[in-house]
Each structure stands twice: as C-alpha cells, then as structure tokens.
Number of protein chains: 2
Amino acid sequence: MSIQLYDLAGADPRYLFSPFSWRVRMALLHKGLDFEVVPWRFSAREAIAESGSKAVPVIKDGDAWVSDSWAIACYLDTHYADRPPLFPAPCGEAHARLVSALCGKLVFPAAVPIALYQAYVLLDPASQPYFRESREAMFNARLEDIHADAKTGPARLAEALKPFDEVLAVCDYLGGSQATYADFLLFGILKWTDIVSSYPVIDRDTPSGRWFSRLETDYGGHAGRVPRVRD
Amino acid sequence: MSIQLYDLAGADPRYLFSPFSWRVRMALLHKGLDFEVVPWRFSAREAIAESGSKAVPVIKDGDAWVSDSWAIACYLDTHYADRPPLFPAPCGEAHARLVSALCGKLVFPAAVPIALYQAYVLLDPASQPYFRESREAMFNARLEDIHADAKTGPARLAEALKPFDEVLAVCDYLGGSQATYADFLLFGILKWTDIVSSYPVIDRDTPSGRWFSRLETDYGGHAGRVPRVRD
C-alpha cells in the first residue's frame, strides 16, 4: 500500500500549497516512493488526530504515522535507506540544517508578504478564521497589511535568494550534482509562493530560477504539473 | 620538503591574522600536511611574484605555486586525496560554496568594523599606505570611521552568526561530526577578528563560540596558541 500524505488543500482541492508539505512531497518523489495525497483542511483536524499532530504534513506509512516535515524526511531516509539519500553522509544533515536556518532568517521573511494573504484567500471558509487569527497573532499585523505588491514582493525575495544564487551558478542543486533535502527545504517555500500568488514570483532567468524550473521538471515533471492560481 | 605558506605578517611578525590565510592554515592542519609559515608583507610583493599573485595566501608545494585560498583548498584535496577531505563527496563543495556566500553576505560585513582598522594598525609602516588606500576605496569610508566599539561590533557579529548557531547547537562542526572547508571559511574570518581586536569578539558561551574554541583546540591546539593583540 502506498504512503498517504495528508496535505493542506484550498477550498478548491486542486490547490495544494503548504511549503512544509511540498518539502515532504519532493522527499517522497526523490526516494521514488509511491504516495497518494489526502486533501486536509484546518477545519478537519480529527482526520489526523491519530498522528498526535494538529497540522500537516503528516504521513501514514502502513501503521506508522509521522508528523513534522523534518521528522518525516528523517523517517524516510532511515526506513528507505536503499533509496536515494535525502541527507547524504557525511555532511548532508549539517548542510540541510544550515539551509533550514537560512530559510527561517532570509527566505520566509521575504516569502510571507507574497504568499500569506493569498494562501488565506484560497482556504475554505471554515478554515479562514483560524488561519487569520493564528497568523495575525504570529506576525502582529493584519494579513492585508503584510501583503506585498508585484514589484516589492519579488524584489525582496530575489535579494533573499542571492546566497543561493552563488551556489546554483556553479552547482545544479544545493546538494551538488544531485538534489538533497537541503534543496527541498528552499523549494517548498518558493513553490508555496509560486502557486498562490496572483503575479509571477520567481525570475526564471537567475541561477535559483533555473534551479526551481529544474526541480519542477525532475521526477517526471510532478511539481511542474500542479496548478497555480494564476494559470 | 614541507609546504611553504606565505602568510601576511604584522610589523611584529608574531601577528599572523589574514582571514584567507587562516582558511588555508586550517586546511593544511586538517590534511595533516607539514608546512612552514613564511611571513609576507604588502610591501614585499616580489617574494611571491613567481606565483602570479599579488596577495597572500600563496603556497609553494615542491615546484608548484598555488594562490587564492579556495584554489589552494581544491589543490590540497586533489593532490592529497588520501588525507581527510576538505570537500567530502557528495555535497561538500556545494555546502562550502553556500557557507562562502554567507560569509560574504552576513559575516564579513559584521567582521570588517571590528577588524579592518585594527589590522591596519598592526601592519608595518611601509605596507600601511597601500592598505589604507585600497581598503578605503573598497568601503568608501575612512578606516577610523568604519571601526566599531566593543559593544556594537560583537553584537552585530553575534547576529550574523545566528544561522550558524542553529547548526552548531546540534552538530559539532558545520561539516557534521568532522570539520570540512565550510568550517574553515567561517573560522578564518572569526580568527582574524579575534587576533587583531583590542576587545573580546566572540561569546564563547554560544554554539558558534564553543565551535570556535573546539577548532582552536583541534590539530594539537595550533590555532589556540597563536598570539592575539590583547594577550
């Protein structure tokens, strides 16, 4: 039986945009594991109650429930060690931890003004009040006031991506010649912004833009086929 | 015959503080290679003329001259492949490139206000005019005006080190359980600031501070024995 990935869905279930779920989705693709997506909404927490988690991504692999994107990646690398590694020894884990820290310090602060309000708009009406309340408390601002326009949002994101551009000008992936979980940490955030935004987010003619397109093409073009709001 | 490392020396030749030379010095220690330091000054360019470079670090290994710290690290990993790796496959090079980009974007801008003027003061009088002119053109400011005090300098540096703290709270080295060139890229900058500064620069009670102390203790305590201005 294939792995079930509980993934945040919009009111229209074609829209699957959680940055953390994208990290897991890419990890499953990289490991070459069969999985099926189970659309999930904040208003339906009971569907994942057995996992002990209140939010997705959550996977069910046979009888095992695993929550939290980093923990899921570690689980997959341990339980499917014969598949392509997410954290290749000796420095894959430390490398991914550095990229994770940079995502928190540089990339999420630039992505939130692009994606947060747009993600809210896409949610089912029953989930919206929780999302608004929790996120407005987190950022201490109204969602509408955080939202960046088509000029300032992508410009700030491009600035945040500059350290990654330096690597990707020379290497095909953050992991070198092969993608690793370090790649998926960053890709998840960018895929989130790219799916929900009403305007183009990523300059495809930069090293990070070409890398983003490459990962959309990899794994049979899975990530590139997922619908975006502005398509 | 051991490798010769041409290294920037102060007027007092005990002070060897170039951040780029420290990267090479740590790389040589990591590879377990014998080397001797040849003190060099900006006012004595002819000593390294044969290398084709106008600045140190430069190494002479037998008949081979190699300049530029990154190129030297690549040379050492290729020519001494049986020694501990500086760029362990598969992702060591990409990892080091990311740390290099972060050093440029986050760490050097925080380290320059601590170290640049102090380094100038340590130079021999014949080297000082070139150093002042070239650095003031680079930063478009007088050296004295760039200089940060004991409160603002270390505080800004601590902020720049936060992404690294996240990794080093969990891993002994940026490379994981072993140091790699990624570690030496960052260490070189911090060692520069720590040697030349008249005030303590690094909070040793943080993850990055403990990592810094660890690298000073490693390799027989080589880095920890080098004199600092304030000792």
Side-chain angles (χ1 to χ4, degrees), chain A residues 30 70-71 73-74 77 84-110 156 158-187 206-208 211 214-215, chain B residues 30 70-71 73-74 77 84-110 156 158-187 206-208 211 214-215:
Chain A
H30 185 72
W70 182 277
C74 293
D77 239 18
L86 295 165
F87 304 99
C91 60
E93 184 198 331
H95 181 210
R97 286 190 185 277
L98 182 61
V99 173
S100 177
L102 296 173
C103 285
K105 186 181 174 73
L106 298 176
V107 188
F108 264 120
R156 188 175 168 195
E159 182 63 30
L161 293 176
K162 281 189 176 171
F164 299 105
D165 282 331
E166 276 192 48
V167 180
L168 296 167
V170 182
C171 305
D172 280 349
Y173 299 96
L174 294 182
S177 59
Q178 302 288 329
T180 67
Y181 197 63
D183 291 86
F184 307 145
L185 287 163
L186 180 62
F187 182 84
T206 60
S208 54
W211 160 86
R214 191 174 301 132
L215 281 170
Chain B
H30 184 73
W70 182 278
C74 294
D77 239 18
L86 295 165
F87 304 99
C91 59
E93 183 197 332
H95 182 210
R97 286 189 185 277
L98 182 61
V99 173
S100 177
L102 296 173
C103 285
K105 187 181 173 71
L106 298 175
V107 188
F108 263 120
R156 188 176 168 194
E159 182 64 31
L161 294 176
K162 281 189 176 170
F164 299 105
D165 281 331
E166 277 192 48
V167 180
L168 296 167
V170 183
C171 305
D172 281 349
Y173 299 96
L174 295 181
S177 60
Q178 303 288 329
T180 67
Y181 197 63
D183 291 87
F184 307 145
L185 287 163
L186 180 61
F187 182 83
T206 60
S208 54
W211 160 86
R214 191 174 302 131
L215 281 170

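This structure is a prediction, so every number in the text was calculated from the model and none was measured. By convention in this document, chain letters (A, B, ...) are assigned in the order of the sequence lines, proteins followed by strands, and residues within each chain are numbered from 1.
- Ring geometry, A:Trp70 versus A:Tyr181: the interplanar angle exceeds 60°, so the pair is classed perpendicular (tilted spans 30 to 60°).
- Ranked by heavy-atom pairs under 4.5 Å with chain B, the first of A:Gln178, A:Lys105, A:Lys162 is A:Lys105.
- With salt bridges taken as basic N to acidic carboxylate O contacts below 4.0 Å, one links B:Arg97 and B:Glu93.
- Remark: the B:Trp211 side chain and the B:Asp165 side chain contain no N/O donor-acceptor pair separated by less than 3.5 Å.
- Counting heavy-atom pairs closer than 4.5 Å to chain B, the top residue among A:Gly176, A:Gly104, A:Gly175 is A:Gly175.
- Neither the backbone nor the side chain of A:Ala96 has a heavy atom closer than 4.5 Å to any heavy atom of chain B.
- Contact annotation for B:Leu98: both backbone and side-chain heavy atoms come within less than 4.5 Å of a heavy atom of chain A.
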Would you check, one step at a time, whether the test side-chain contact (heavy atoms from CB on, under 4.5 Å) holds for A:Leu215 with A:Tyr173?
CA-CA 9 Å; A:Leu215 281 170; A:Tyr173 299 96; 3.7 Å; yes
